[in-house]
Amino acid sequence: EVHVVESGGDLVQVGGSLRLSCAASGLVFDDYAVAWFRKSQGMEYEGVACLASSDGTIYYADSVKGRFTISSDNEKTTAFLQMNSLKSEDTAVYYCAVLSGPYTVEPGCYSEDYRFWGRGTQVTVRG
């Protein structure tokens, strides 16, 4: 069983930075993909950023491109989302999701493809 736990959410000012972490345990396959989704009140899930280990593809939503960076460690146990130049519209609950096996994240992050999800971490941006 794969367990996913997010951390790092906080209240920050507009223009500030946060680094979210995603700890995943129980992955048994060499290939995996990890994604960050966010959901704000009254909105659908938005795939913010995702990466796939099998082909090295990385995808960013246009809304965060140039400001957010997704990464993961070589032991495939932890993923990160570095968020810079935060805007009020970045306020949301951020979810980490993982899948095992070969995958490509072109042309985007699709929530229905990810089997294992964390419970989310709140990011609030005020200014």
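Quick caveat: nothing in here was measured; it's all calculated off a predicted structure.
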Within-4.5 Å side-chain heavy-atom neighbours: [X] and [Y]:
{"X": "Arg126", "Y": "Leu11", "value": "yes"}
{"X": "Thr121", "Y": "Ser7", "value": "no"}
{"X": "Lys39", "Y": "Ser111", "value": "no"}

Original post:
Quick one: do Asp90 and Lys87 make a salt bridge, cutoff under 4.0 Å?
Top reply: no
Do [X] and [Y] belong together in a cluster built from hydrophobic side chains that touch within less than 4.5 Å?
{"X": "Leu18", "Y": "Leu81", "answer": "yes"}
{"X": "Phe80", "Y": "Val64", "answer": "no"}
{"X": "Val98", "Y": "Tyr45", "answer": "no"}
{"X": "Val2", "Y": "Leu51", "answer": "yes"}
{"X": "Val123", "Y": "Val5", "answer": "no"}

Could you pull out the closest heavy-atom pair between [X] and [Y], with the gap in Å?
{"X": "Pro102", "Y": "Asp31", "result": "N-CB, 3.6 Å"}
{"X": "Ser54", "Y": "Tyr103", "result": "OG-O, 2.7 Å"}
{"X": "Cys109", "Y": "Phe37", "result": "O-CE2, 3.8 Å"}
{"X": "Cys96", "Y": "Glu6", "result": "N-OE2, 2.8 Å"}
{"X": "Ser85", "Y": "Ser17", "result": "N-OG, 4.3 Å"}
{"X": "Tyr114", "Y": "Ala33", "result": "CE2-O, 3.9 Å"}

Which distance, rounded to the nearest 0.5 Å, do you find between the [atom1] of [X] and the [atom2] of [Y]?
{"X": "Tyr95", "Y": "Glu46", "atom1": "OH", "atom2": "CD", "value": "13.5 Å"}
{"X": "Tyr60", "Y": "Ile70", "atom1": "OH", "atom2": "CD1", "value": "6.5 Å"}
{"X": "Glu89", "Y": "Ser40", "atom1": "CD", "atom2": "OG", "value": "10.0 Å"}
{"X": "Arg38", "Y": "Thr91", "atom1": "CZ", "atom2": "OG1", "value": "9.0 Å"}

Original post:
Is it true that atom CD of Gln41 has more than 12 heavy atoms of other residues, nucleotides or ligands lying nearer than 6.0 Å?
Top reply: no
**OP:** May I ask you to check whether Tyr32 and Ser72 show a side-chain donor-acceptor distance below 3.5 Å?
**Re:** yes
**OP:** Answer with yes or no after comparing the ring centroid distance for Phe68 and Trp36 against a 6.0 Å cut-off, counting only values under it.
**Re:**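 No; Trp36 has its ring centre 6.0 Å or more from that of Phe68.
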Original post:
Taking the side chain from Glu106 and the backbone from Tyr59, do they hold a donor-acceptor pair closer than 3.5 Å?
Top reply: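 The answer is no, because no donor-acceptor pair under 3.5 Å joins these two groups.
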Subject >> Gln82 (side chain) donor-acceptor with Arg19 (main chain) under 3.5 angstrom >> reply: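 No, because the side chain of Gln82 does not come within donor-acceptor range (under 3.5 Å) of the backbone of Arg19.
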